[in-house]
Peer 1: 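Just passing along the structure, written as structure tokens.
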Amino acid sequence: KQEVTQIPAALSVPEGENLVLNCSFTDSAIYNLQWFRQDPGKGLTSLLLIQSSQREQTSGRLNASLDKSSGRSTLYIAASQPGDSATYLCAVPNSGGGADGLTFGKGTHLIIQP
Amino acid sequence: DAEITQSPRHKITETGRQVTLACHQTWNHNNMFWYRQDLGHGLRLIHYSYGVQDTNKGEVSDGYSVSRSNTEDLPLTLESAASSQTSVYFCASSSPSAGNTGELFFGEGSRLTVL
């Protein structure tokens with residue numbers, strides 16, 4: 001059974017810092033990995049989807065990397081802003097690339113201090 | 001714009017009552033999912049569907065059922081609500097591509113309280 005771990009569980013940094021969120025998974029036979037953002041009381045918003053053939057995916061100030069062999073992904077946020085405050089979750093397919101849902105980490109709760 | 005909507009957004013019910021949460025997506029996605037989110041457990045998969053007339057059990061399916069009569073809708077039914085089913089429920093959808101799960105899109109959630 002796939003397990004996903006996110007470290008740290010919470011992080012508070014001053015505005016302007018660059019930061020890295022970590023995600024690890026136990027079964028490296030994945031087709032893709034997805035990063036989400038969740039604001040309080042809201043649904044999940046997809047940030048980045050990395051296919052297994054890719055090593056990186058970028059969107060604005062966000063950069064996600066994927067290392068399948070080591071079972072790790074990182075989300076890099078450049079020049080953090082108070083609006084980046086949210087919970088960030090990573091998720092991988094339950095079995096290989098099958099459409100039987102994703103397994104989620106419990107998230108990193110991020111606070112950016114103005 | 002295409003979207004995924006859930007209703008009701010908030011509901012309070014009593015133990016033993018039947019409850020149905022609606023999910024409607026306008027992306028024409030084949031795959032639809034229901035998750036629940038609880039403190040300490042994160043997101044857990046309840047049921048999912050690959051298309052019309054197809055339904056499958058997820059990790060925590062006991063006490064829940066779904067039906068898929070068209071592409072757009074996947075209602076979630078709690079047959080006899082229990083206090084343990086107090087949670088926030090999220091519907092999601094995706095369009096598979098080349099065997100992949102595809103990017104997953106979520107609704108805003110339905111907060112259910114069972115008294």
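Per chain, numbering begins at 1; letters A, B, ... match sequence-line order.
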Peer 1: Counting only heavy atoms not in R17(B), do more than 12 fall under 6.0 Å of its CZ?
Peer 2: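 No, because the 6.0 Å sphere around CZ of R17(B) holds 12 heavy atoms or fewer from other groups.
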Peer 1: Any idea which heavy atoms bring Q38(A) and F90(B) closest together, and the distance?
Peer 2: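 Taking Q38(A) first and F90(B) second, the nearest heavy atoms are NE2-CZ, 3.5 Å.
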Peer 1: Can you say whether E59(B) sits under 4.5 Å from chain A via the side chain, the backbone, both, or neither, judging by heavy atoms?
Peer 2: side chain
Peer 1: Quick check: are there more than 12 heavy atoms from other residues, nucleotides or ligands sitting under 6.0 Å from CD of Q54(A)?
Peer 2: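 Yes, enclosed.
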Peer 1: Shared ILVMFWY cluster between L45(B) and V88(B), side chains joined below 4.5 angstrom?
Peer 2: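 Yes, L45(B) connects to V88(B) through the hydrophobic network.
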Peer 1: Is there a donor-acceptor pair closer than 3.5 Å between any side-chain N or O of Y35(B) and the backbone N or O of L102(A)?
Peer 2: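 Here the side-chain-to-backbone pair exists.
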Peer 1: Would you kindly confirm whether V60(B) and M32(B) end up in one hydrophobic cluster when ILVMFWY residues are joined by side chain heavy atoms under 4.5 Å apart?
Peer 2: yes
Peer 1: Quick check on the hydrophobic clustering: are I46(B) and V66(B) connected, directly or via other members, by side-chain heavy-atom contacts under 4.5 Å?
Peer 2: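 Linked, I46(B) and V66(B) end up in one cluster.
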Peer 1: What closest approach, in Å, do L104(B) and F36(A) show between heavy atoms, and which atom pair accounts for it?
Peer 2: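 L104(B) and F36(A) have their closest heavy atoms at O-CE2, 3.5 Å.
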Peer 1: Can you tell me which portion of L44(A) sits under 4.5 Å from chain B's heavy atoms? Options are side chain, backbone, both or neither.
Peer 2: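 Contact with chain B is through both the backbone and side chain of L44(A).
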Peer 1: Taking every heavy-atom pair that is under 4.5 Å apart, which of Q37(B), R111(B), H41(B) has the most such pairs with chain A?
Peer 2: Q37(B)
Peer 1: Decide whether L110(A) and Y76(A) are clustered together by the hydrophobic rule: side chain heavy atoms of Ile, Leu, Val, Met, Phe, Trp, Tyr closer than 4.5 Å, transitively.
Peer 2: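 Hydrophobic grouping puts L110(A) apart from Y76(A).
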Peer 1: Tell me, side chain or backbone of R44(B) under 4.5 Å from chain A's heavy atoms, or both, or neither?
Peer 2: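 Neither part.
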Peer 1: With rounding to the nearest 0.5 angstrom, report the CD to CZ distance, Q34(A) to F105(B).
Peer 2: 7.5 Å
Peer 1: Hydrophobic cluster membership, with links at side-chain heavy-atom distances under 4.5 Å among I/L/V/M/F/W/Y: are L21(A) and L66(A) in one?
Peer 2: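 Same hydrophobic cluster.
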Peer 1: For S46(A), does its backbone N or O pair with a side-chain atom of E103(B) as donor and acceptor, under 3.5 Å?
Peer 2: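 Judged by distance alone, no pair lies under 3.5 Å.
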